[in-house]
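Have a look at the structure below before the remarks.
Below, chain A is the first sequence line, B the second, and so on; all start at residue 1. From a predicted model like this one, the values you see are computed outputs, not experimental measurements.
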Amino acid sequence: MNVIQFDVGIHNLLSDHEWNQVIGEAVAYALAELGDDVYKLDWANSLARHQEQVKAAA
Amino acid sequence: MAEKAKYEFRRFDDRSLSSTEASWKRQLSKHSSEVIPTEYERKLAWAREHATYGKDEEIFAYGVFRDGGLIASAIVDVVYTKAGRKWLKLLDINLTPDLDLSFNSDKPDLDAIGDVFTAAITGVIALGAVHPAKETKLYGRSGTLLSFLKGLGAHLNGDGGKLIRGKIEVLMEGRWLVFRRKSK
């Protein structure tokens with residue numbers, strides 16, 4: 001049986017580590033998109049560097 | 001290779017407020033030809049006004065701090081509504097003048113901006129442990145932040161959403177990026 005806990009916030013559905021992983025990776029992609037959108041710079045390098053840092057921190 | 005900076009989302013206190021005010025004003029004077037300082041000064045005053053975290057408060061100023069320091073790299077506007085349906089909202093991420101103005105250059109400091117955004121967003125989500133809410137909403141106040149949130153949402157709805165799939169729905173509602181707990 002599924003029990004719905006109305007007082008449980010979304011934070012409690014993942015561990016802190018999982019949240020950091022999920023958001024950290026998504027941020028790297030969002031930055032690339034932002035760069036693509038606005039700046040037309042060499043985002044690939046920045047994205048790759050950021051992804052490496054996210055992996056290292058995970 | 002230099003060690004990677006660590007950014008932390010936390011409350012302001014008197015010391016960090018004073019250090020942040022002094023640093024941001026120094027940065028503004030450095031950029032005096034590029035910027036009108038009023039907006040940043042208003043945000044600093046707002047942070048001082050809302051750096052109280054009592055249980056009756058609904059509007060909070062949080063900072064994103066680098067390497068355990070006292071100078072905020074961003075002031076984050078957070079709202080938690082207690083009456084009726086409970087919401088936890090991030091209304092804005094106000095970057096330090098140096099980072100904010102790097103957008104006007106050929107070389108915005110993307111690594112730092114990404115880390116600050118990550119700390120702010122994960123920090124607000126973590127506040128859900130203190131302020132339980134079925135939804136956490138992030139507002140794209142500026143065009144830049146809106147583009148960023150759209151990119152974040154798109155990735156979380158694709159390959160990046162494996163960990164949250166089935167538990168949390170991620171969607172754009174106007175300028176809001178919404179994290180909503182799925183009902184079973």
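- Contact detail for B:Lys167 and A:Leu14: the closest heavy-atom pair is NZ-CD2, 3.7 Å.
- Looking only at side-chain heavy atoms (C-beta outward), A:Ile10 and B:Glu135 stay at 4.5 Å or farther from each other.
- Within the structure, every pair that satisfies the ring pair (Phe, Tyr, Trp, His ring centres under 6.0 Å) test and touches residues 30-50 of chain B, not counting sequence neighbours, is listed here: B:Trp46-B:His50.
- By the 6.0 Å contact criterion, NZ on B:Lys150 is open, its count of non-hydrogen atoms from other residues, nucleotides or ligands being 12 or less.
- Among residues two or more places apart in sequence or in another chain, the salt bridge (charged side-chain N to carboxylate O under 4.0 Å, His left out) test is passed with A:Glu18 by none.
- When all heavy atoms are compared, the tightest approach of A:Trp19 to B:Thr122 is O-CG2, 4.0 Å.
- Ranked by non-hydrogen atom pairs under 4.5 Å with chain A, the options B:Ala119, B:Ala154, B:Ala126, B:Gly153 are led by B:Ala126.
- In this structure, B:Ile168 CD1 and A:Leu13 CG are separated by 5.0 Å, a value rounded to the nearest 0.5 Å.
- Using a 4.5 Å cut-off between side-chain heavy atoms of Ile, Leu, Val, Met, Phe, Trp and Tyr, with links allowed through other members, B:Met172 and B:Phe179 fall into the same hydrophobic cluster.
- Cluster membership for B:Ile93 and B:Trp87, using ILVMFWY side-chain heavy atoms within less than 4.5 angstrom, is not shared.
- The shortest heavy-atom contact between B:His155 and A:Ala26 is CD2-CA, 3.3 Å.
- For a residue to count as touching a neighbouring chain, one of its non-hydrogen atoms must lie under 4.5 Å from one of that chain's; by this rule B:Ile121 touches chain A with the side chain only.
- Near-neighbour residues of residues 11-21 of chain B relative to chain A, defined by a heavy atom under 4.5 Å from a heavy atom of that chain, are none.
- Atom CG of B:Leu156 and atom CD1 of A:Ile23 lie 5.5 Å apart (nearest 0.5 Å).
- Here the shortest heavy-atom pairing between B:Leu152 and A:Val27 reads CD1-N, 3.6 Å.
- With rounding to the nearest 0.5 Å, the separation of CD1 in B:Ile125 from CG in A:Asn20 is 9.5 Å.
- Cluster membership for B:Tyr53 and B:Ile59, using ILVMFWY side-chain heavy atoms within less than 4.5 angstrom, is shared.
- The closest side-chain heavy-atom distance from B:Leu163 to A:Gln21 is below 4.5 Å.
- The heavy-atom pair separating A:Ala30 from B:Gly151 by the smallest distance is CB-C, 3.8 Å.
- With a 6.0 Å radius and a threshold of 12 heavy atoms from other residues, nucleotides or ligands, B:Arg42 has its CZ atom at or below the threshold.
- The hydrophobic cluster containing B:Val130 does not contain B:Val76, counting ILVMFWY residues as joined when their side-chain heavy atoms lie under 4.5 angstrom apart, directly or transitively.
- A continuous path of ILVMFWY side-chain contacts below 4.5 Å connects B:Leu99 to B:Tyr7, so both sit in one hydrophobic cluster.
- Contacts of B:Phe9 classified as ring-ring contact (aromatic ring centres under 6.0 Å, His included), with partners at least two apart in sequence or in another chain: B:Tyr62.
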